[in-house]
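Notes follow once the structure below has been shown.
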Amino acid sequence: PYRTVKVPMDQLYSKLFYAGLVIAFLSAILSLVISHNITQPIALLKKGAERFAKGHLDEKMPIPNTEEMASLAVAMNEMATQLDSRLQTIDHQNREKAVILKSMVAGLLLIDPYKHIAMVNDAVTHLLNRSEKELLGKSVVEVIPNPDFQRVLEEAMHQAEPIETEICLDPENHIYFQVETNQLRDAHRNIQGTVVILHDISRLKELESIRKEFVANVSHELRTPITSIRGFVETLLEGAKDKPEDLEHFLSIIHKQSLRLEAIIEDILRLSRVERDSDYGAFERTLQPLQPVIEAAIQACEMKASEKHISLRFRCPDGIEVKINRHMIEQALINLIENAIKYSPEKTSVRVEVYALPQTIRIDVLDQGPGIAPQHHSRLFERFYRVDKARSRRLGGTGLGLAIVKHIIQAHEGQITLKSAPGEGSQFTIYLPRA
Ligand code: ADP
């Protein structure tokens, strides 16, 4: 009968119900534990990835227990290490570039396709005398409003080959730049801008023009005696050699002119030797008493002085020592004393006086000659500059004596000055640094 099975059935149902509840509860806990085990390492990996994204590439991720997650974490740590080392390399390269740009003597400008300045180095700010702020973002047409520069830039922007040319930026102040341009392209060969390199060649240009002027002067100076020698030789050949009185007269002129030629060449060589030695620091300077050097210079000029009955005197306190190249200083003194004798009238006196000042040794060469007007003073030490060309030539001058003196004194880190006025004699003063 149904009644007999109902009770045990009910009991069985309730048992099944409670067992079901227990199983559901246990499986819920089990799935919670399992899901926690899966999500926790993912959360850790997420946090680690976020740290990497913020740039903390050296803070490595912890390695989870599960195999798959562990290999993912190891791979991400490896990626972070490589990224860190690449970033460090890029940073290092950027620093290197910045130092190179900063220490470049040449100015470097990066100009974008719209002709705005995108980058400059320190040399450009120095060359253009403007701050970086005043240059960045500005139109290059405003900054360098020079038509030649604009033309070069326009060409550079439209041609792939680099351009190298010279432009005069400021003719009044003789400012010359050598300009080099190159197009800047990205990885897809699209034009990003133009790189312009500026070298200030004003000093080179100045030296070039000095050299040209010097060569022209030398040629001119040499031509005069050569023309004269040639003229007299031709006259002799044409028959004058047969007249004894002409022969002697012309030969004496030829002799005089050849001596002059020799004097000019000797002075040019002397000047170039002094320049070369002082440029390369090749001349030796030793500490030595000054008195014998002055005595030797005086002795070398005594003959010329006595020919004009000029008294030659010197005063030098005992024990003065200077660090000099004896040969050069003797040469400088001889040039000054010879000039004093050459330009002074007969029966006057030439004096050399030495004074020991606290910082320097002062050497005066004084004469009672015609003096030199102030307008000549600033140019007197230039090569071939003469107050009275004809007079200098007549007296055997080459126009190089004072230029040689100036170079010698400069090579000794000294100074030379002149005090003179017409009719009051001249005083050339050399200052040499004390040992
Ligand atoms: P130079 O060979 O013609 O003497 P320098 O270079 O020695 O060349 O001198 C340049 C010029 O300076 C001379 O031509 C002369 O006009 C002038 N000068 C130099 N020294 C004296 C001096 N002591 N008195 C007057 N004029 C001088």
Side-chain angles (χ1 to χ4, degrees), residues 210 213-214 217-225 256-275 294 297-298 300-305 307-314 328-353 363-411 415-430:
I210 291 174
E213 197 186 328
F214 180 66
N217 279 334
V218 168
S219 319
H220 179 77
E221 292 295 328
L222 294 178
R223 193 181 292 140
T224 322
K256 212 171 140 198
Q257 291 299 338
S258 55
L259 286 181
R260 171 160 179 73
L261 211 54
E262 193 186 356
I264 295 171
I265 291 168
E266 193 53 50
D267 268 358
I268 292 170
L269 289 177
R270 208 171 271 154
L271 185 62
S272 80
R273 257 197 310 267
V274 174
E275 276 183 332
I294 308 233
I298 297 259
C301 302
E302 252 160 11
M303 198 92 133
K304 284 188 175 148
E307 278 169 14
K308 286 179 82 176
H309 307 289
I310 287 176
S311 78
L312 206 50
R313 280 176 285 158
F314 83 96
M328 279 194 175
I329 291 294
E330 206 177 296
Q331 179 68 58
L333 287 169
I334 289 175
N335 283 11
L336 291 180
I337 300 167
E338 273 188 357
N339 272 354
I341 296 169
K342 199 158 66 181
Y343 295 106
S344 294
E346 290 193 353
K347 295 181 185 150
T348 52
S349 74
V350 171
R351 282 177 296 136
V352 179
E353 290 178 4
I363 310 168
D364 289 345
V365 178
L366 305 122
D367 66 45
Q368 297 169 332
I372 303 158
Q375 69 264 29
H376 300 293
H377 288 198
S378 62
R379 300 201 57 196
L380 211 63
F381 295 92
E382 285 175 19
R383 298 153 187 199
F384 297 113
Y385 186 84
R386 283 166 282 205
V387 176
D388 180 345
K389 249 191 176 151
R391 181 152 192 250
S392 154
R393 283 220 184 106
R394 206 173 51 246
L395 296 169
T398 61
L400 290 170
L402 289 180
I404 294 172
V405 176
K406 191 180 112 182
H407 270 89
I408 291 177
I409 301 307
Q410 275 178 351
Q415 260 187 349
I416 175 148
T417 61
L418 164 65
K419 208 168 116 190
S420 179
E424 289 177 18
S426 303
Q427 175 182 336
F428 285 88
T429 302
I430 293 173

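Numbering of ligands and ligand atoms starts at 1, following listing order. Every value quoted in this text rests on a predicted model; they were computed, and no experiment measured them.
- If you check which protein heavy atom lies closest to atom 12 (O) of ligand 1, you get L380 CD1, 3.4 Å.
- For the side chain to side chain donor-acceptor pair (under 3.5 Å) test with H407, the passing option among R273, R270, E275 is E275; the others fail.
- Under 4.0 angstrom from ligand 1, there are no non-hydrogen atoms of H376.
- Within the structure, ligand 1 lacks G369 among the residues with a heavy atom less than 4.0 angstrom away.
- Applying the 4.0 Å criterion to heavy atoms of A340 picks out, from ligand 1, the atoms 23 (N).
- Applying the salt bridge (Lys or Arg N to Asp or Glu O under 4.0 Å) test to residues at least two apart or on different chains, none of the pairs has a partner in residues 418-428.
- With L336, V387, N339 as candidates, the residue nearest to atom 17 (C) of ligand 1 on a non-hydrogen basis is V387.
- Contact between P345 and G369 at its shortest, heavy atoms only, is CD-CA, 3.8 Å.
- Where the criterion is an N or O separation shorter than 3.5 Å, residue side chain and backbone included, Y343 meets it with respect to ligand 1.
- Closest heavy-atom approach to atom 26 (N) of ligand 1 within the set D367, I337, I372: this belongs to I372.
- When the shell of 6.0 Å around NZ of K308 is examined, it contains more than 12 heavy atoms from other residues, nucleotides or ligands.
- Within the set L402, I264, D388, the minimum heavy-atom distance to atom 9 (O) of ligand 1 is found for L402.
- Below 30°, between 30° and 60°, or above 60°: for F381 and F428 the angle between ring planes is above 60°, a perpendicular geometry.
- In summary, the atoms of ligand 1 found under 4.0 Å from a heavy atom of G399, numbered by their order in the structure, are 1 (P), 2 (O), 3 (O), 6 (O), 8 (O).
- Residues S344 and D367 approach most closely at OG-CB, 3.6 Å, considering heavy atoms.
- Those atoms of ligand 1 that come under 4.0 Å of a heavy atom in R386, given as number and element, are 3 (O), 14 (O).
- Not close to ligand 1: K389, with no non-hydrogen atom less than 4.0 angstrom away.
- Every atom of ligand 1 with a heavy atom of G401 under 4.0 Å away is listed here by number and element: 5 (P), 6 (O), 7 (O).
- Within the listing of ligand 1, atoms 1 (P), 2 (O), 4 (O) sit less than 4.0 angstrom from a heavy atom of K342.
- Taking each of F428, F384, Y385 in turn, the one with a heavy atom nearest to atom 10 (C) of ligand 1 proves to be Y385.
- Panel note: side chain H377, backbone I372; a donor-acceptor pair is recorded below 3.5 Å.
- Heavy atoms of F381 found under 4.0 angstrom from ligand 1: none, in either backbone or side chain.
- Taking a cut-off of under 4.0 Å to the non-hydrogen atoms of G397, the atoms of ligand 1 that pass are 1 (P), 2 (O), 3 (O).
- Closest approach of S392 and R386 over heavy atoms only: OG-CD, 2.9 Å.
- Summarising the local packing, CD of Q427 is surrounded by more than 12 heavy atoms from other residues, nucleotides or ligands at distances under 6.0 Å.
- The protein heavy-atom contact nearest to atom 3 (O) of ligand 1 is S392 OG, 2.6 Å.
- Residues in residues 337-352 take part in these salt bridge (Lys or Arg N to Asp or Glu O under 4.0 Å) pairs, two or more places apart or across chains: K304-E338, R351-E353.
- Across all non-hydrogen atoms, the minimal contact from P225 to E221 is CD-O, 2.9 Å.
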